[in-house]
Amino acid sequence: MNILFVIAMKKEANEIIKHYNLEKQKENFYKKNNISLIITDVGRNNVTKTLLELTKTYNMEDSIIINIGLVGSNNLNIGSIIEINKNYGYHFDLTPFGDKLYHTTNSPYKLNTINELKQIDCYTSDGFVQQTDIKETCVFDMELNAITLFPHKKLHSIKIVSDTLDASKYNEFNYDKSIQESLKISDKIISSYQK
């Protein structure tokens with residue numbers, strides 16, 4: 001069983017690299033035994049480019065992907081840590097063409113969960129979401145929908161709410177505490193596949 005962490009930013013990756021004692025193999029790729037980590041940079045295009053390059057040397061098809069990252073939310077409190085239940089593309093309003101709003105490839109995509117946290121749906125956008133008509137509690141990121149398009153055995157996503165639509169409480173966000181809590185969940189995900 002191979003575990004692949006797909007992480008957007010170096011800041012998000014640092015504690016994961018340290019926690020699992022991963023060693024740098026090449027630019028933005030770290031590994032130790034059966035656990036690897038790739039830093040993609042922010043946004044769907046960067047994820048696509050980076051993971052396409054990775055597929056040349058790494059068998060993603062046999063991997064359990066764990067995505068950990070920061071998100072914004074319409075209703076959740078800053079610092080909330082959640083598991084993603086379903087992911088939607090949030091790129092285009094296609095209703096004028098008779099399609100469902102926000103319908104994109106692999107949308108909705110049901111992720112794997114271990115039921116340790118509140119499960120929330122995630123909408124992947126091409127930029128920061130500052131307003132929305134979505135009423136049910138959800139989160140917004142810029143990478144997950146692109147990750148779903150790549151081959152994998154299982155896909156888990158742990159998200160940390162760092163900001164809200166009004167961005168008024170961002171300065172209250174404690175990243176260090178949140179990432180440590182997220183690592184406890186990733187440990188449980190990994191151990192669930194080692195039984």
Peer 1: A side-chain contact here means heavy atoms from C-beta on lying under 4.5 Å apart; do Thr57 and Lys26 qualify?
Peer 2: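 Yes - at least one pair of side-chain heavy atoms lies under 4.5 Å apart.
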
Peer 1: Just to verify, what does Glu23 make a side chain to side chain contact (heavy atoms under 4.5 Å, CB included) with, not counting sequence neighbours?
Peer 2: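 In terms of side chain to side chain contact (heavy atoms under 4.5 Å, CB included), with neighbours along the sequence ignored, Glu23 is linked to Gln25.
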
Peer 1: Which pair of heavy atoms, one from Leu117 and one from Ile158, lies closest together, and at what distance?
Peer 2: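 It is CD1-CG2, 4.4 Å.
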
Peer 1: With no hydrogens and no angle check, is any side-chain donor or acceptor of Asn28 less than 3.5 Å from a backbone partner on Ile38?
Peer 2: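 No.
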
Peer 1: Taking all non-hydrogen atoms of both residues, which atom of Ile39 and which atom of Ala8 are closest, and how far apart?
Peer 2: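 In terms of heavy atoms, the two residues are closest at CG2-O, 3.5 Å.
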
Peer 1: Would you find a donor on one side and an acceptor on the other, under 3.5 Å apart, between the side chain of Ser63 and the backbone of Ile65?
Peer 2: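 No; zero donor-acceptor contacts below 3.5 Å.
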
Peer 1: Indicate yes or no: at least one non-hydrogen side-chain atom of Leu144 is less than 4.5 angstrom from one of Leu111.
Peer 2: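 Counting from C-beta outward, Leu144 and Leu111 do come under 4.5 Å.
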
Peer 1: Taking the side chain from Asn75 and the backbone from Lys135, do they hold a donor-acceptor pair closer than 3.5 Å?
Peer 2: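 Answer holds: yes.
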
Peer 1: Is there any salt bridge (Lys or Arg N to Asp or Glu O under 4.0 Å) pair reaching into residues 53-72, and which pairs are they, with sequence neighbours excluded?
Peer 2: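 Found Glu53-Lys56.
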
Peer 1: Show, in sequence, the C-alpha distance, side-chain angles and deciding distance for Glu136 and Asp121, and conclude whether the side-chain contact (heavy atoms from CB on, under 4.5 Å) test is met.
Peer 2: CA-CA 9 Å; Glu136 67 272 6; Asp121 292 343; 5.6 Å; no

Peer 1: Quick one: does Asn174's side chain have a donor or acceptor within less than 3.5 Å of a partner on Lys177's backbone?
Peer 2: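 Here the side-chain-to-backbone pair exists.
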
Peer 1: Go through it in stages, so that I can follow the logic: the residues are Phe5 and Ile68, the test is side-chain contact (heavy atoms from CB on, under 4.5 Å), and I'd like the CA-CA distance, side-chain angles, deciding distance and then a yes or no.
Peer 2: CA-CA 8 Å; Phe5 284 93; Ile68 298 177; 3.9 Å; yes

Peer 1: Quick one: closest heavy-atom pair of Leu76 and Ser73, and the distance?
Peer 2: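 Scanning both residues completely, I find the closest heavy atoms to be N-OG, 3.0 Å.
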
Peer 1: Supply the atom-to-atom distance Ile84 CD1 to Lys110 NZ, rounded to the nearest 0.5 angstrom.
Peer 2: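 Going from CD1 on Ile84 over to NZ on Lys110, the span is 10.5 Å.
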
Peer 1: Could you check if a side-chain atom of Phe150 sits within less than 4.5 angstrom of a side-chain atom of Leu52, using non-hydrogen atoms only?
Peer 2: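 Yes, their side chains come closer than 4.5 Å.
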
Peer 1: Which heavy atom of Ile120 sits nearest to which heavy atom of Thr137, and what is that distance?
Peer 2: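 Where Ile120 meets Thr137 most closely, the heavy atoms are CG2-O, 3.7 Å.
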
Peer 1: Could you check if a side-chain atom of Ile190 sits within less than 4.5 angstrom of a side-chain atom of Ile66, using non-hydrogen atoms only?
Peer 2: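 Of all side-chain heavy-atom pairs linking Ile66 with Ile190, at least one is under 4.5 Å.
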
Peer 1: Look at the side chain of Glu181 and the backbone N and O of Ser178, then say whether any donor-acceptor pair between them is shorter than 3.5 Å.
Peer 2: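 It does not hold such a pair.
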
Peer 1: Mark yes or no for whether Thr50, through its side chain, and Val47, through its backbone, hold a donor-acceptor pair below 3.5 Å.
Peer 2: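 Checking the backbone N and O of Val47 against the side chain of Thr50, no donor-acceptor pair under 3.5 Å is found.
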
Peer 1: Could you check whether any side-chain heavy atom of Asn2 comes within less than 4.5 Å of a side-chain heavy atom of Tyr58, counting everything from C-beta outward?
Peer 2: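 When only atoms from C-beta onward are counted, Tyr58 and Asn2 do touch, with a gap below 4.5 Å.
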
Peer 1: Check whether the side chains of Gln119 and Asn115 place a donor and an acceptor atom closer than 3.5 Å, and report yes or no.
Peer 2: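 Distance-only check passes for Gln119 and Asn115.
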
Peer 1: Could you give all pairs that pass the side chain to side chain donor-acceptor pair (under 3.5 Å) test and reach residues 29-38, with sequence neighbours left out?
Peer 2: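 Non-adjacent pairs meeting side chain to side chain donor-acceptor pair (under 3.5 Å): Lys10-Tyr30.
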
Peer 1: Looking at Glu15, His19, Lys11, which hits side chain to side chain contact (heavy atoms under 4.5 Å, CB included) with Ile179?
Peer 2: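 The single option meeting the side chain to side chain contact (heavy atoms under 4.5 Å, CB included) with Ile179 is Glu15.
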
Peer 1: Return the minimal non-hydrogen interatomic distance between Ile185 and Ile114, and the atom names on each side.
Peer 2: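 Scanning both residues completely, I find the closest heavy atoms to be O-CD1, 4.2 Å.
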
Peer 1: What pairs with Asn45 under side chain to side chain contact (heavy atoms under 4.5 Å, CB included), at least two apart in sequence or on another chain?
Peer 2: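 Expected list: none.
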
Peer 1: Would you say the side-chain atoms of Thr164 and Asn74 include a donor-acceptor pair closer than 3.5 Å?
Peer 2: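 Short answer, no.
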
Peer 1: Measure across Glu12 and Gly69 and return the closest heavy-atom pair with its distance rounded to 0.1 Å.
Peer 2: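 Shortest heavy-atom separation between Glu12 and Gly69 comes out as OE2-CA, 3.4 Å.
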
Peer 1: Mind checking whether Thr148 and Leu155 have side chains closer than 4.5 Å, heavy atoms only?
Peer 2: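 Yes - at least one pair of side-chain heavy atoms lies under 4.5 Å apart.
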
Peer 1: List the residues meeting side chain to side chain contact (heavy atoms under 4.5 Å, CB included) with Lys49, not counting sequence neighbours, and say none if there are none.
Peer 2: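 So Lys49 forms no side chain to side chain contact (heavy atoms under 4.5 Å, CB included) with any residue.
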
Peer 1: If you round to the nearest 0.5 Å, how far is CD1 of Ile189 from CD1 of Ile3?
Peer 2: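 The CD1 atom of Ile189 is 8.5 Å from CD1 of Ile3, to the nearest 0.5 Å.
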
Peer 1: Are any non-hydrogen side-chain atoms of Tyr123 and Cys138 less than 4.5 angstrom apart?
Peer 2: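 They are in contact (side-chain heavy atoms under 4.5 Å apart), so the answer is yes.
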
Peer 1: Side chains of Val71 and Phe140: closer than 4.5 Å at any heavy-atom pair?
Peer 2: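 Not touching, per the 4.5 Å side-chain cut-off.
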
Peer 1: Calculate, to the nearest 0.5 Å, the distance between atoms OG1 and CD1 belonging to Thr40 and Ile7 respectively.
Peer 2: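 Nearest 0.5 Å value for the OG1-CD1 distance: 8.5 Å.
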
Peer 1: Could you name each residue pair satisfying side chain to side chain donor-acceptor pair (under 3.5 Å) that touches residues 149-161, not counting sequence neighbours?
Peer 2: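 Every pair satisfying side chain to side chain donor-acceptor pair (under 3.5 Å) with a residue in residues 149-161: Asn67-Ser157, Asn67-Lys159, Tyr109-His152, Asp141-Lys159, His156-Tyr193.
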
